[in-house]
Novice: 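One structure, as structure tokens, below. Some questions next.
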Amino acid sequence: MHILLIEDDDAVADYVAVGLKEAGHLVDRCYDGREGLIQATCEDYDIIILDRMLPSIDGMKVLSTLRATDDATPILILSALGDVDERVKGLRAGGDDYLPKPFMLSELIARVEALARRGPVASEPVTTLRVGDLEIDLLGHRVTRGTERIDLTQREFRILEHLASNAGRVVTRSMLLEKVWEYNFDPQTNIIDQHVSKLRQKIDREGAQPLIHTVRGVGYVMRAE
Amino acid sequence: MKRLLHSLSFRLALTYVGLFCLSVGLLLGFYYWASVMGPFNDIKAEVDRDARELARTYIVDGEGAIEAALEKRATQPSLRKPFHAFIDRHGRVLTANLPSWPSAVSSEWVEIEADVYRDGDETDHHAITRDRAFEDGARLLVGRDAEDIAELRERLLESVAWIFGGTVLLGLIGGLFMSLAIRARIEAVNQAARKVMAGDLSGRIPVRGTGDDFDRLGETLNHMLARIEELFEAVRRVSDNVAHELRTPLMRLMVQLERAQLADTDRDKRNELLSAAIAEARRLHRVFDALLRIARIESGRYQSQMKTLDAAALVRDVAELHSLDAERQGIRLEVAAPAQLDLVGDPDLLFQAISNLLDNALKYSPEGGTVSLTVEHTDARVSISVADDGPGLDEEEAARVTERFFRGRAGADHPGEGLGLSLVAAIASLHGAELIFARRPRGLRAEIVFWRHTPARGADHPVKAGSTGGDT
């Protein structure tokens, strides 16, 4: 993927750029808002990673300018302002995702890849998701594994839907939290893990090929090996 | 003096003196017009009438007739003593009871002092006189006494200076006192402000207790200072605590990293230590986030997304989130809530607050216990409560439980940073709600009480409030 990274802090930019390159992406770097804005309009990027506080032109201004010129490139906002209200502000201004600093590189990469898949092009509406022998009927809310029908609670269904629609890509705990529970909050304990493991008990029965995998310290990935 | 002129109160006093002088002037003017000008004009009209009649007598009937008429007029009893002088065409005085008159004929009114001496007594007279020359060279002066009015006029004009002088003087003295008094009160405010500026936040403006304007201003400013001091104190306490509380996790982090460095030959061991170090760093991050968040909510910088939400659904969502936790620990989780209940609030924050309360309840309840989440409402209030079978809180703990990093006796065996309830208290306060901890026969009941229809209540509610309630 071709990624534009607009970040004024050298250390953070290095860390992010190296990490993304190691994950197999092509990264262009800009160090201030003006430069970033020019670069973003000159070239076609799959994703823009934008720091909120930048010299010359503020990140939020870069964002609103891009959106005002009908540039729909997915934008991930990085910010030291991490609270929920700031996040809401960033997303309302047209950001596609918001990642507060400090963040783990694995979290950033997972989010970048999830964003890129969403992409600027609207794909056809999907009604059925398949991972291995698991089939998820999104309209009928029916899940079958092989020939066996699996009963899920609404929440479990939404977790599964989110994991399956990102099959092959890592979904972090905080991503699950944002997408499946519609509240922005900080769970005090490993509640998300409990919900995923409950789901896993139902999906990956003993003897069956496991579909939901834990990525240690990061989150989960769904795939048929 | 220059400072005095710059003082607003003195300038106001000067303006006031000016206005007062103007009103005194108007009053005196009216009085003068009514008691001096009026009678004078009446007399002049009478004198004019006399003069016209006498002139006609002279022109028609001649010298003898006017002499007789004048002498008759002089002896007639009258309220205002008549005066006259007639000089014939040869320049001889034919008849006169005026002691003197100007040598030249005047077309204006002539006022002549015509004091009369009789039997050694002096009677003061002030004649207002019409002077008239005839074509043949004769001259007639006719007048009447206006001594009383002239005297009144004189006294009035004399006292004008005194009245204005007195008004200005009293006004200036009053203004000076007023401005000094006001300056003293303002100076007290200034001094308190300087004390605060110098860093002593306990400085307060003296209040006299009379409830006057300055007292009210002082009270408002004192409230402001108290609030600032409270916030400042909170900030200081937090920063002290933060520095102290972060030592331990930082220590662990350093140790883990150091040991990982030493274990470079044992790959598994090293990975394990590094994972532990990352987990430790994440925990630190979460503590920082929680601290920042509490501080932002408390200081009012958090931009809450207040809207009407369904409190019952929100509580059920929280319960659902924690249901697995309860199940795992063998705790029964009961939810009692109406089908739907509207409440104005920030959904993210309320979810966080109730989630924190439920998390605590689950943490402290014994296996086989029951945790109940209850939503109740009346017209005036909405109450969301979480009750558990845990060890509860004693009075001292209940009073301190919302302090940052505070952990009760029972908390020692459980993981946590002691920030959960601080956040709940801050969120409750933001909603103008009260957070009440009540002891139960067994366990603890934490309740958030929201007041309906009175969203303003939150405004004059101190942020720290909503912390502890009685243990009824």
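Each chain gets a letter, A, B and so on, in the order its sequence line appears, and its residues count up from 1.
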Novice: Going through the checks in order, is the salt bridge (Lys or Arg N to Asp or Glu O under 4.0 Å) test met by A/Glu178 and A/Arg87?
Specialist: CA-CA 11 Å; A/Glu178 286 157 23; A/Arg87 180 188 158 81; 3.1 Å; yes
Novice: With chain B as the partner, which of A/Lys89, A/Met104, A/Gln194 has the greatest number of non-hydrogen pairs under 4.5 Å?
Specialist: A/Gln194
Novice: So for A/Glu182, is it side chain, backbone, both, or neither that comes closer than 4.5 Å to the heavy atoms of chain B?
Specialist: backbone
Novice: Taking only heavy atoms into account, what residues of residues 286-296 of chain B are found under 4.5 Å from chain A?
Specialist: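 Residues of residues 286-296 of chain B touching chain A at under 4.5 Å: B/Arg286, B/Arg293, B/Arg296.
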Novice: Is it the backbone or the side chain of A/Pro187 that comes under 4.5 Å from a heavy atom of chain B, or both, or neither?
Specialist: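 Backbone only.
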Novice: Is chain A contacted by the side chain of B/Tyr302, its backbone, both, or neither, given a heavy-atom distance below 4.5 Å?
Specialist: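 Both backbone and side chain of B/Tyr302 come within 4.5 Å of chain A.
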Novice: Show, in sequence, the C-alpha distance, side-chain angles and deciding distance for A/Glu135 and A/Thr144, and conclude whether the side-chain hydrogen bond (donor to acceptor under 3.5 Å, both in side chains) test is met.
Specialist: CA-CA 5 Å; A/Glu135 195 178 299; A/Thr144 46; 4.8 Å; no
Novice: Any chance you could lay out the side chain to side chain contact (heavy atoms under 4.5 Å, CB included) test for B/Phe437 and B/Glu447, step after step, and finish with the verdict?
Specialist: CA-CA 6 Å; B/Phe437 293 101; B/Glu447 182 181 22; over 6 Å; no
Novice: Report the C-alpha distance between B/Thr374 and B/Arg445 in whole Å, list the side-chain angles of each, state the deciding distance to 0.1 Å, and finish with yes or no for side-chain hydrogen bond (donor to acceptor under 3.5 Å, both in side chains).
Specialist: CA-CA 10 Å; B/Thr374 312; B/Arg445 196 169 92 109; 5.8 Å; no
Novice: Tell me if the CD atom of B/Glu258 is crowded by more than 12 foreign heavy atoms within 6.0 Å.
Specialist: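 Open: at most 12 neighbouring heavy atoms sit under 6.0 Å from CD of B/Glu258.
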Novice: Could you label the plane-to-plane angle of the B/Phe450 and B/His431 rings as parallel, tilted or perpendicular, counting under 30° as parallel and over 60° as perpendicular?
Specialist: perpendicular
Novice: Of all the heavy-atom pairs spanning B/Leu321 and B/Ser355, show the shortest one and how long it is.
Specialist: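 Shortest heavy-atom separation between B/Leu321 and B/Ser355 comes out as CD2-OG, 4.3 Å.
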Novice: Who in residues 309-320 of chain B is close to chain A, using a strict under-4.5 Å heavy-atom cut-off?
Specialist: B/Leu314, B/Asp317, B/Glu320
Novice: Is it true that atom CZ of A/Arg155 has more than 12 heavy atoms of other residues, nucleotides or ligands lying nearer than 6.0 Å?
Specialist: yes
Novice: Apply salt bridge (Lys or Arg N to Asp or Glu O under 4.0 Å) to A/Arg145 and A/Glu148, showing your working.
Specialist: CA-CA 5 Å; A/Arg145 176 111 201 231; A/Glu148 197 184 347; over 6 Å; no
Novice: How about CE on B/Met306, more than 12 heavy atoms from neighbouring residues, nucleotides or ligands closer than 6.0 Å, or not?
Specialist: yes
Novice: After noting the C-alpha distance and the side-chain angles of B/Arg332 and B/Ser372, does the key distance pass the side-chain hydrogen bond (donor to acceptor under 3.5 Å, both in side chains) rule?
Specialist: CA-CA 8 Å; B/Arg332 236 157 62 87; B/Ser372 43; over 6 Å; no
Novice: Please classify the contact of B/Gln305 with chain A as side chain, backbone, both or neither, using a heavy-atom distance under 4.5 Å.
Specialist: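 B/Gln305 touches chain A through side-chain heavy atoms alone.
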Novice: If I measure from the heavy atoms of chain A, does B/Leu324 come under 4.5 Å with its side chain, its backbone, both, or neither?
Specialist: both
Novice: For B/Arg283, which atoms come within 4.5 Å of any heavy atom of chain A: side chain, backbone, both, or neither?
Specialist: neither
Novice: Would B/Ile427 and B/Leu350 count as a side chain to side chain contact (heavy atoms under 4.5 Å, CB included) if you check the C-alpha gap in whole Å, the side-chain angles of each, and the deciding distance to 0.1 Å?
Specialist: CA-CA 7 Å; B/Ile427 292 171; B/Leu350 288 183; 4.3 Å; yes
Novice: Going through the checks in order, is the side-chain hydrogen bond (donor to acceptor under 3.5 Å, both in side chains) test met by A/Tyr220 and A/Arg200?
Specialist: CA-CA 11 Å; A/Tyr220 301 93; A/Arg200 184 189 266 158; over 6 Å; no
Novice: Without placing hydrogens or testing angles, list every side-chain donor-acceptor pair under 3.5 Å for residues 10-22 of chain A, not counting sequence neighbours.
Specialist:
| residue | atom | partner | partner atom | Å |
| --- | --- | --- | --- | --- |
| A/Asp14 | OD1 | A/Arg29 | NH1 | 2.6 |
| A/Asp14 | OD1 | A/Arg29 | NH2 | 3.1 |
| A/Tyr15 | OH | A/Leu105 | N | 3.3 |

Novice: Taking non-hydrogen atoms and a cut-off under 4.5 angstrom, which of residues 202-209 of chain A neighbour chain B?
Specialist: none
Novice: Might you work through the side chain to side chain contact (heavy atoms under 4.5 Å, CB included) test for A/Ile136 and A/Leu160, ending with a clear yes or no?
Specialist: CA-CA 9 Å; A/Ile136 306 164; A/Leu160 183 64; 3.7 Å; yes
Novice: Does the A/His213 side chain pair with the main chain of A/Arg223, one donor and one acceptor, at a distance under 3.5 Å?
Specialist: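 Yes.
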Novice: What option among A/Asn190, A/Thr153, A/Asp186, A/Val88 has the most heavy-atom pairs under 4.5 Å with chain B?
Specialist: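 Ranked by heavy-atom pairs under 4.5 Å with chain B, first place is A/Asp186.
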Novice: Report the distance from atom CG of B/Leu421 to atom CG of B/Leu435, rounding to the nearest 0.5 Å.
Specialist: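 Reported to 0.5 Å precision, the distance equals 7.0 Å.
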